[in-house]
Asks: 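My questions will all concern the structure given below.
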Amino acid sequence: MVSDFISIRRDLHQIPELGFQEFKTQAYLLDYLNGLPKDRLTIETWKTGIFVKVKGKKPTKTIAYRADIDGLPIEEQTGLAFPSKHEGRMHACGHDFHMSIALGVLTHFVSHPIDDDLLFIFQPAEEGPGGAEPMMTSSYMVENKPDMIIALHVAPEYPVGTIAVKPGLLFANTSELFIDLKGKGGHAAYPHQTNDMVIAACQFVNQLQSIVSRNVNPLDSAVVTIGKITGGTVQNVIADNARLEGTIRTLSAESMKKVKSRIEALAEGLKVGYECEVTIDYGAMYYQVDNDETLTEEFVAFAEEQTNIKVIRCREAMTGEDFGYMLKEIPGFMFWLGVDSEYGLHHAKLNPHEEAIPKAIDLLVKYIQYKGN
Ligand SMILES: CC(=O)N[C@@H](CCC[C@H](N)C(=O)O)C(=O)O
């Protein structure tokens, strides 16, 4: 017999949608929310996201909880009995867990209200192009800015029954990276008459890898990943175009500036060396996740003393999260939830253990109750 919120997770797992296309997901969430008693609830949509307020008994503050709702362009290979019904789309970053946990906590407080108001934020487009920053400037958020905010992220590398957290910097600064190369194509047998963009792209991918090893202070970690290369049209035509798609991760804003300036300098060299055009687009950029020191330490002490969850003190990670934009304006924290999967985040076989769902709901209910009187 699976609990309600595990079965909700299974439903949501089957309908993953990309950023700002979460129409079925939003409809599913609204359908659930509209089935709850209405007396304490206000529900407002924002694009494909939702704000839900649970009115407190005598509020002096608002505590917010944020869950991201989008999936990834990955073809699922989990072999689960409830796989994605959307070809080439998967909840491979655990947002199905994040949503079902948020619904579990919200449902508890609808029937067991506390003094303070609670705001549940179902945020679109965390994987890109970013929903948190525009949500923060929405009129709803401006008029209903909470006093503190919490979020979690599933962590395949930690066992169920654990959480991992760190006061201060938890996640990196990120920037997407799209590089378009344009040269001169032609017959595969006449390379001397062309500027081959497949060769230029290969060279450039290798050159980019020297930035982290030779230009960034080794004590200030950075990552440059190219996750996708496309180019050309057919096997016997020299390609007149290529596109590199990737991401930059840095622990400091200075290193982000440095990495970008080195990419641009190397691009100038490529233009000369391969007589081609190079266009760089940085896409979406996410601000680092910087946990409030006092609130995080208080949460750790609470979890250790008042629950049977094991707390792991972790290091910062090079993952990105646009929750950073919320923490920039509102004190709060994010923590990792142990879900023990052999395969990691963004893997087609990611299979988090569902027993982590009731454990997370229980932890959050207890902590929010403690914070909200
Ligand atoms: C937790 C997590 O995996 N977040 C994503 C955020 C992606 C931001 C953006 N699309 C980028 O690639 O820079 C991550 O990949 O870390």
Side-chain angles (χ1 to χ4, degrees), residues 12 15-30 33 42-54 62-73 89 91 93-96 98-99 102-103 106 117-153 169-178 245-250 253 256 260 280-292 319-334 346:
L12 289 165
I15 53 166
E17 295 163 295
L18 298 186
F20 290 126
Q21 294 168 31
E22 305 95 333
F23 303 109
K24 288 191 200 168
T25 307
Q26 186 190 47
Y28 182 97
L29 295 170
L30 285 172
L33 293 165
T42 51
I43 302 169
E44 193 155 319
T45 58
W46 176 88
K47 297 185 192 273
T48 46
I50 314 174
F51 291 108
V52 188
K53 191 167 253 188
V54 182
T62 302
I63 301 174
Y65 183 79
R66 172 273 202 172
D68 42 11
I69 70 169
D70 55 320
L72 280 157
R89 305 281 181 265
H91 271 301
C93 203
H95 300 187
D96 48 348
H98 302 173
M99 289 184 271
L103 288 179
L106 185 157
D117 287 343
L118 302 178
L119 175 63
F120 290 85
I121 303 170
F122 293 91
Q123 181 219 300
E126 185 277 329
E127 298 293 350
E133 197 180 17
M135 236 177 173
M136 282 303 292
T137 55
S138 68
S139 55
Y140 186 92
M141 262 316 239
V142 171
E143 285 156 27
N144 295 274
K145 192 171 163 189
D147 299 278
M148 75 170 280
I149 189 156
I150 313 165
L152 63 74
H153 202 293
L169 185 71
L170 185 71
F171 285 7
N173 296 273
T174 73
S175 171
E176 294 176 350
L177 178 61
F178 302 98
E245 300 182 30
T247 179
I248 311 167
R249 310 297 167 97
T250 67
M256 180 59 78
K260 287 185 174 175
I280 301 172
D281 171 8
Y282 291 116
M285 284 164 246
Y286 291 177
Y287 188 71
Q288 63 198 29
V289 170
D290 210 351
N291 281 342
D292 181 279
T319 30
E321 247 288 356
D322 62 352
F323 184 58
Y325 288 114
M326 295 187 174
L327 287 181
K328 203 172 169 198
E329 308 286 329
I330 307 161
F333 56 89
M334 170 169 257
H346 295 196

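What's counted below: heavy atoms across the whole structure, side chains too, no hydrogens, waters or symmetry copies.
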Asks: Kindly write out the residues that satisfy side-chain contact (heavy atoms from CB on, under 4.5 Å) with Lys47, not counting sequence neighbours, or none if the list is empty.
Replies: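 Partners of Lys47 under the side-chain contact (heavy atoms from CB on, under 4.5 Å) test: Phe20.
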Asks: Backbone N or O of Leu170 within a donor-acceptor pair of the Gln288 side chain at under 3.5 Å?
Replies: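 Not a single qualifying donor-acceptor pair exists.
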Asks: Can you list, pair by pair, the side-chain donor-acceptor contacts under 3.5 Å of residues 119-137, counting residues two or more places apart and other chains?
Replies:
| from | atom 1 | to | atom 2 | distance (Å) |
| --- | --- | --- | --- | --- |
| Gln123 | OE1 | Arg66 | NE | 2.9 |
| Gln123 | OE1 | Arg66 | NH2 | 3.0 |
| Gln123 | NE2 | Asp322 | OD1 | 3.1 |
| Gln123 | NE2 | Asp322 | OD2 | 3.0 |
| Glu126 | OE1 | His95 | NE2 | 3.4 |
| Glu127 | OE1 | His346 | NE2 | 3.4 |
| Glu127 | OE2 | His95 | NE2 | 3.4 |
| Thr137 | OG1 | Pro134 | O | 3.0 |

Asks: Drop me the distance from Leu177's CG to Thr247's OG1, to the nearest 0.5 angstrom.
Replies: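 Leu177 atom CG to Thr247 atom OG1 measures 8.0 Å (nearest 0.5 Å).
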Asks: Would you name the heavy atoms of Gly71 and Leu18 that are closest together and state the gap between them?
Replies: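 Heavy atoms of Gly71 and Leu18 come nearest at O-CD2, 3.7 Å.
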Asks: Any side-chain heavy-atom pair from Ile15 and Thr25 closer than 4.5 angstrom?
Replies: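 Of all side-chain heavy-atom pairs linking Thr25 with Ile15, at least one is under 4.5 Å.
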Asks: Which atoms form the tightest heavy-atom contact between Phe323 and Phe333, and what is the distance?
Replies: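 Nearest heavy atoms, Phe323 then Phe333: CE2-O, 3.7 Å.
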Asks: List the steps and the verdict of side-chain contact (heavy atoms from CB on, under 4.5 Å) for Met99 and Leu29.
Replies: CA-CA 9 Å; Met99 289 184 271; Leu29 295 170; 4.0 Å; yes
Asks: Please name all residues satisfying side-chain contact (heavy atoms from CB on, under 4.5 Å) with Glu245, sequence neighbours left out, ordered by chain then number.
Replies: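 Glu245: side-chain contact (heavy atoms from CB on, under 4.5 Å) contacts with Phe178, Lys228, Arg243.
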Asks: Do Glu17 and Phe23 come within less than 4.5 Å of each other through their side chains, counting heavy atoms only?
Replies: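 They are in contact (side-chain heavy atoms under 4.5 Å apart), so the answer is yes.
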Asks: The test is side-chain contact (heavy atoms from CB on, under 4.5 Å); show your working for Tyr65 and Ile63 and say whether it passes.
Replies: CA-CA 7 Å; Tyr65 183 79; Ile63 301 174; over 6 Å; no
Asks: Just jot down the side-chain contact (heavy atoms from CB on, under 4.5 Å) partners of Lys328, sequence neighbours excluded, or say none.
Replies: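 Residues passing side-chain contact (heavy atoms from CB on, under 4.5 Å) with Lys328: Tyr287.
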Asks: What pair of heavy atoms forms the shortest contact from Gly320 to Tyr286, and how long is it?
Replies: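 Shortest heavy-atom separation between Gly320 and Tyr286 comes out as C-CD1, 4.4 Å.
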Asks: Indicate yes or no for a side-chain donor-acceptor contact from Gln26 to the backbone of Gly49 under 3.5 Å, with no hydrogens or angles considered.
Replies: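 Confirmed, Gln26 side chain pairs with Gly49 backbone.
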Asks: Can you find a pair of side-chain heavy atoms, one from Lys260 and one from Met285, that are under 4.5 Å apart?
Replies: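 Yes; the side chains approach each other to less than 4.5 Å.
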Asks: Please determine whether side-chain contact (heavy atoms from CB on, under 4.5 Å) holds for the pair Ile50 and Glu44, giving the CA-CA distance in whole Å, both sets of side-chain angles, and the decisive distance to 0.1 Å.
Replies: CA-CA 6 Å; Ile50 314 174; Glu44 193 155 319; over 6 Å; no
Asks: Quick check against the 3.5 Å criterion: does Asp290 have a side-chain atom that pairs as donor or acceptor with the backbone of Leu169?
Replies: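 Pair found, side chain donor or acceptor close to backbone of Leu169.
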Asks: Which heavy atom of Met256 sits nearest to which heavy atom of Ser175, and what is that distance?
Replies: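 Scanning both residues, the minimum pair turns out to be CE-N, 3.7 Å.
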Asks: Less than 4.5 Å apart, any side-chain heavy atom of Thr48 and any of Gln21?
Replies: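 Side-chain contact under 4.5 Å: no.
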Asks: Other residues, nucleotides and ligands only: do more than 12 of their heavy atoms fall within 6.0 Å of NZ on Lys24?
Replies: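 For Lys24, atom NZ is not crowded (no more than 12 foreign heavy atoms under 6.0 Å).
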Asks: In Å, rounded to the nearest 0.5 Å, how long is the span from CZ of Arg249 to CG of Asn173?
Replies: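 Going from CZ on Arg249 over to CG on Asn173, the span is 10.5 Å.
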Asks: So Phe51 and Ile43, do their side chains get closer than 4.5 Å, heavy atoms only?
Replies: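 The answer is no; the side chains never approach within 4.5 Å.
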Asks: When the side chains of residues 142-153 are checked against the rest of the protein, which donor-acceptor pairs come out under 3.5 Å, sequence neighbours left out?
Replies:
| from | atom 1 | to | atom 2 | distance (Å) |
| --- | --- | --- | --- | --- |
| Asn144 | OD1 | Lys53 | NZ | 3.2 |
| Asn144 | ND2 | Tyr140 | O | 2.8 |
| Lys145 | NZ | Glu329 | O | 3.3 |
| Asp147 | OD2 | Thr62 | N | 2.7 |

Asks: Where is the tightest heavy-atom contact between Val289 and Gly324, given as atom of each residue plus distance?
Replies: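 Answer, listing the atom of Val289 first, then Gly324: CG2-N, 3.8 Å.
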Asks: Taking the side chain as every heavy atom from C-beta outward, state whether Val52 and Leu33 have any pair of such atoms under 4.5 Å apart.
Replies: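 Side chain of Val52 against side chain of Leu33, heavy atoms only: contact under 4.5 Å found.
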Asks: Considering residues at least two apart in sequence or located in another chain, which fulfil the side-chain contact (heavy atoms from CB on, under 4.5 Å) criterion with Thr319?
Replies: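 Partners of Thr319 under the side-chain contact (heavy atoms from CB on, under 4.5 Å) test: Phe171, Ala317, Trp336.
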Asks: What's the separation between atom CG in Asp70 and atom SG in Cys93, rounded to the nearest 0.5 Å?
Replies: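 Those atoms lie 8.5 Å apart.
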Asks: If you round to the nearest 0.5 Å, how far is CG of Leu106 from CG of Leu118?
Replies: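 Between atom CG of Leu118 and atom CG of Leu106 there are 8.0 Å.
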